[in-house]
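Naming: A, B, ... by sequence-line order, numbering from 1 per chain.
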Amino acid sequence: MSDSSEILREPWSSVPRQREGVAFGVWIFLGTEVLFFGGLFLSYAVYRTLYPGAFRIASHETDIVYGSINTALLLTSSFVMTVALHASGLGRQRFLVFCLLLTAGLGLAFLAVKGLEYADDIGTRLVPGPGFALDPPATQLFFALYWVMTGIHAIHLAIGIALVGGLAALVLRGSIAPQSPAVEGTSLYWHFVDSIWIVLFALIYLPGRP
Amino acid sequence: MSEHRRRTGCPVARLWLRYGCVWLLLMLLLGITITTSYVQLGGNSAILHLGIAGLQVLLVWLLFMNLLGSSTLVRLCSIVGLFWLSIMFSLTFGDYLTRAWHGGAIGSCLGRASMEPGRDENAPSCGVQ
Amino acid sequence: MTDAAPNYVRTSEPAPENYLQAGHTLISWLTTTDHKRIGVLYALTITFFFFIGGIAIGIVRIELLTPDAEIVSDEGYNRLFSLHGIVMVWFFLVPSIPTTFGNFLLPLMIGARDVAFPRLNLLSWYIFVFGSAFALYMIVAGGVDTGWTFYTPFSSLYSNANVVAAACGVFVVGFSTIATGVNFITTTHMLRAPGMTWFRLPLFVWAIYATSIVMVLATPVLAMSLLLIIAERLFGMPIFDPTKGGDPLLFQHLFWFYSHPAVYIMILPAMGVISEVFACFARRRVFGYAMMVYAMMSIAVIGFLVWGHHMFVSGQSQYANIVFSLLSFVVAVPSAIKVFNWTATMYGGQITFEAPMLYAMGFVGLFTIGGLTGLYLASVPIDVHVHSTYFVIAHFHYIMVGGSVSAFFAGLHFWWPKITGKIYSEAWARFAAITMFLGFNTTFMPQYIMGVAGMPRRYHVYPPEYQVYHVVSSIGALILLVAYLLPLVYLTWSLLYGKQAGNNPWGATGLEWQTGSPPPKDNFETIPRVDVGPYEYHPEERAPQAGSEPERMQGRLQ
């Protein structure tokens, strides 16, 4: 059973209330992230509406193999993270650590694949600037948004990996209990970063295929 | 704790099974969205792919993030951001989509020919009426 | 109202040490998770930036005494007014009331021991300090010349100033705001004392709650708009570049989607303070409590629908102009309701004119004038004439300075005894309040007139016919300087030599007045139970009597 005394923090009066508070607080934060990425989505939507042809040409140049692998990796990581959260609820310390490390590992795999993709993109001159490979100027808008959107997503993912890894370390060392609300908070953040990627995949890789 | 386990079977295996089904569904949707992206659908492709993405996000939010089992307050909180995003989108597009109406000159020169591949005849009229 | 007020801390044991005594080292302050200490830390930070922003505009007002360029170059002038705007908006006004009084009072007013996430609270201050470092670097390196509005493509492609540093500073400070907002919303929902229902909350709590909602929904969009400028400028990513098909107006949509709600972030907490002060010094319940709540929430929501009124002449569609204009008229209605209700609160009250009340009364008048001129600006034909003139400057200074800053000083004087346990000199405080009111009007009323007469904003070289207005305005600024410096002197004096304040020197009804001045570290000996509303100054259906004690205090007496 959970050792309530080591989970309960000031100023909460009970652990269930504290859990509810953490979940609520994290969801408010995720709401802010929706609006943060929303600014990017708006920019994309505006320019795709104005330059549909250019966006199709540009999107065709993205590598759907890398994109699909990455999407599969993140979806799997979300699956594992959910199992981790339930392991936390059951108080299974070692199993929780295993799941957290697996999640972080899948996240690292995503970043590795992304790195390879970035290297490829630079090689095929898909970085906006004087040497840009494609023709109508608005394709540079697509790729500017590509670099910014995937870059910011990658930063969020890296933060997530650090959080998950750090959590695993703390749980393994016994510094925090497996049932700590921190696991739920981290899990919500991780799933959110995955959700953002799901949308990015549809925006970046799928148009312009035929 | 162990009494619970005797009654209901290994809880860990059930976890893998239950959420594995969700994962399978997500991967299936991924497969559908990738294969249909190669089909020529014209303007509907955006709706289809974003719709499938939306479905995947819904599965993640309702089942992985447990919105189905959360309080009303948390559920309300989860959609507030999306609602505000819709405000941002609708009023901003209210500007972009109406700029060229009725021969409006200002700003209607966006999307002109040099930004689109080889389509001079589609350029909206620039300049004062 | 002073020594006659009963002391509600009933102890025969020695009084618990107050929050100021719990740890005297610098480290104890820098590692505190006590919301009261964090409020004090924020107060020091924003006061510092208030004077930085003030010095910048002081130089501007000296330069504007003459029609020609006397003491600064064009480039230097651009950097000075940009500095003033950036520092005053993001490093003073946005944090001001929420992070100081909000932090200090929110848990006290709802009967909690701290905010929901105390360590996040401390982190938010450190994030603020980190952002401040960028801002200070930016200032020392010569500032930016884009104005506080960072319009593209100038900011992202052509400016030669420290745009990235400035954008980074504001970006970082935005996260401090978001963290504070998350904390306050969770606290208000989940940590209210038993019996403290939503409609028994003081209006200040509602104001902070509404502000926090706006903070968390608006600030991320600002963060993204600045990030896109940084991406374009630093990494060469074309987003707003017209030569690639980019639309500079996209930046304006993103920027103003935040920056209009931001002005409600700056005024809603002020409205909360004013409600508290009016109730106390008129000895009256706030008139129309429920409507005051609905008005604040409406302002928070409708405030997100009006941003295009900053873009009437930018090239935005005429149809969008019509929609935004209409919505801008709508958003004025809840503010007007609040002004009527404050006025009605005073009717039948027993009004006394302590310094907080003087500031509050000044607020109502100045806010009303500022608000009415906002309606002028919401009308597209008028805006076409006065856009980018001193009329706009006067409008928003009447609200931001005449409104928010007056309210800040009202709150400062009202809660000073609670925060520090000391009484300040009432005579000097009243003098400062009146001086501020007179100085403010002298500074900004001429700006309305010269704005309509055609004086553009952000120009330091101007035709000689405007000089008389500029001279009057600059004299007013000097008077304002005196009014702002005076509190520094007499409040500091009170810290050293002031009389000890009792728990409740004003005889006010809120929960914060039921505990010690300064409060103990854990706020309350026992968490209070609440069974009445927040403003039970007089029995229902009967007007307050002069010099009477409140009918019922919030929170039981045991």
Side-chain angles (χ1 to χ4, degrees), chain A residues 1 20 23-24 27-28 30-35 38-39 41-42 45-46 48-54 56-57 64 67-68 71-72 75-76 78-83 85-87 90-92 95 135-138 141 184 187-188 191-192 194-195 198-199 201-203 205-210, chain B residues 1 11-12 14-16 18-20 22-23 26-27 30-31 33-34 36-41 43 45-46 48-54 56-57 60-61 63-67 70-71 73-75 77-82 84-85 88-89 92-93 96-97 110-111 114-119 122:
Chain A
M1 272 313 299
E20 219 185 315
F24 183 48
W27 269 110
I28 300 172
L30 296 183
T32 74
E33 292 276 57
V34 167
L35 283 151
F41 294 149
L42 179 71
V46 165
R48 182 160 165 183
T49 309
L50 292 174
Y51 311 113
R56 265 197 298 277
I57 292 174
I64 197 167
S68 307
T71 313
L75 289 175
T76 312
S78 258
F79 167 37
V80 175
M81 186 48 140
T82 312
V83 174
L85 179 60
H86 286 267
L90 292 170
R92 304 281 291 266
F95 184 47
D135 187 36
L141 291 176
E184 179 166 13
S187 151
L188 288 172
H191 292 306
F192 181 78
D194 182 23
S195 323
I198 292 171
V199 178
F201 179 71
L203 296 178
Y205 295 93
L206 300 180
R209 282 295 135 196
Chain B
M1 197 61 208
V12 170
R14 286 178 57 241
L15 280 180
W16 286 113
R18 188 194 318 168
Y19 293 107
V22 182
W23 174 81
L26 286 168
M27 298 300 278
L30 180 64
T33 199
I34 293 173
T36 54
S37 74
Y38 286 94
V39 177
Q40 180 68 266
L41 287 167
S45 66
L48 176 67
H49 296 135
L50 285 171
I52 293 177
Q56 288 175 308
V57 170
V60 170
W61 281 33
L63 298 171
F64 282 169
M65 293 166 95
N66 199 28
L67 274 183
S70 297
S71 65
L73 184 63
V74 167
R75 279 191 268 197
C77 194
S78 68
I79 56 174
V80 164
L82 292 168
W84 247 255
L85 205 59
M88 189 161 83
F89 268 70
T92 304
F93 272 92
Y96 281 99
L97 296 177
L110 280 176
S114 68
M115 302 301 169
E116 280 290 85
R119 285 207 225 141
N122 280 5

Practice prompt. Could you walk me through whether H49(B) and F201(A) pass the ring pair (Phe, Tyr, Trp, His ring centres under 6.0 Å) test, one step at a time?
Written response: CA-CA 9 Å; H49(B) 296 135; F201(A) 179 71; 9.0 Å; no
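Side-chain atoms of V80(A) and Y19(B), non-hydrogen and from C-beta on, never get closer than 4.5 Å to each other. In this structure, the side chains of W27(A) and L73(B) stay at 4.5 Å or more apart for every pair of heavy atoms. Taking the side chain as every heavy atom from C-beta outward, L97(B) and T49(A) approach each other to under 4.5 Å. Proximity of R209(A) to V39(B): side-chain heavy atoms (C-beta onward) are nowhere separated by under 4.5 Å.
With rounding to the nearest 0.5 Å, the separation of CE in M27(B) from CZ in F79(A) is 11.0 Å. Note that the OG atom of S78(B) and the CD1 atom of I28(A) stand 11.5 Å from one another [nearest 0.5 Å]. If you take CE on M65(B) and OG on S195(A), they are separated by 5.5 Å, rounding to the nearest 0.5 Å. Residue T76(A) holds its OG1 atom at 9.0 Å from CG of L26(B), rounded to the nearest 0.5 Å. Going from atom CG of L63(B) over to atom OG1 of T82(A) covers 9.0 Å, rounded to the nearest 0.5 Å. Between the CG atom of L30(A) and the SG atom of C77(B) there is a distance of 8.5 Å, given to the nearest 0.5 Å.
Options F89(B), W16(B), F64(B), W23(B) differ in how many heavy-atom pairs under 4.5 Å they form with chain A, and the most are formed by F64(B). With chain B as partner, the option from G39(A), P207(A), G31(A), A72(A) having the largest number of non-hydrogen pairs under 4.5 angstrom is A72(A). Interface summary for chain B: among S187(A), S68(A), A45(A), the most heavy-atom pairs under 4.5 angstrom belong to A45(A). In terms of heavy-atom pairs under 4.5 Å with chain B, the best-connected choice from I64(A), V199(A), L141(A) is I64(A). Contact count against chain A (heavy-atom pairs under 4.5 Å) is highest for L30(B) among L50(B), L30(B), T92(B), N66(B).
Neither the backbone nor the side chain of Y205(A) comes within contact range of chain B; no heavy atoms are under 4.5 Å apart. Interface remark: L48(B) contributes no atoms to any contact with chain A (heavy atom separation under 4.5 Å). Only the side chain of V60(B) comes within contact range of chain A, with heavy atoms under 4.5 Å apart. Using a 4.5 Å cut-off between heavy atoms, I198(A) touches chain B through backbone and side chain atoms alike.
The two atoms that bring V46(A) and F93(B) nearest to each other are N-CZ, 3.7 Å, heavy atoms only. Contact detail for L15(B) and V83(A): the closest heavy-atom pair is CD1-O, 4.0 Å.
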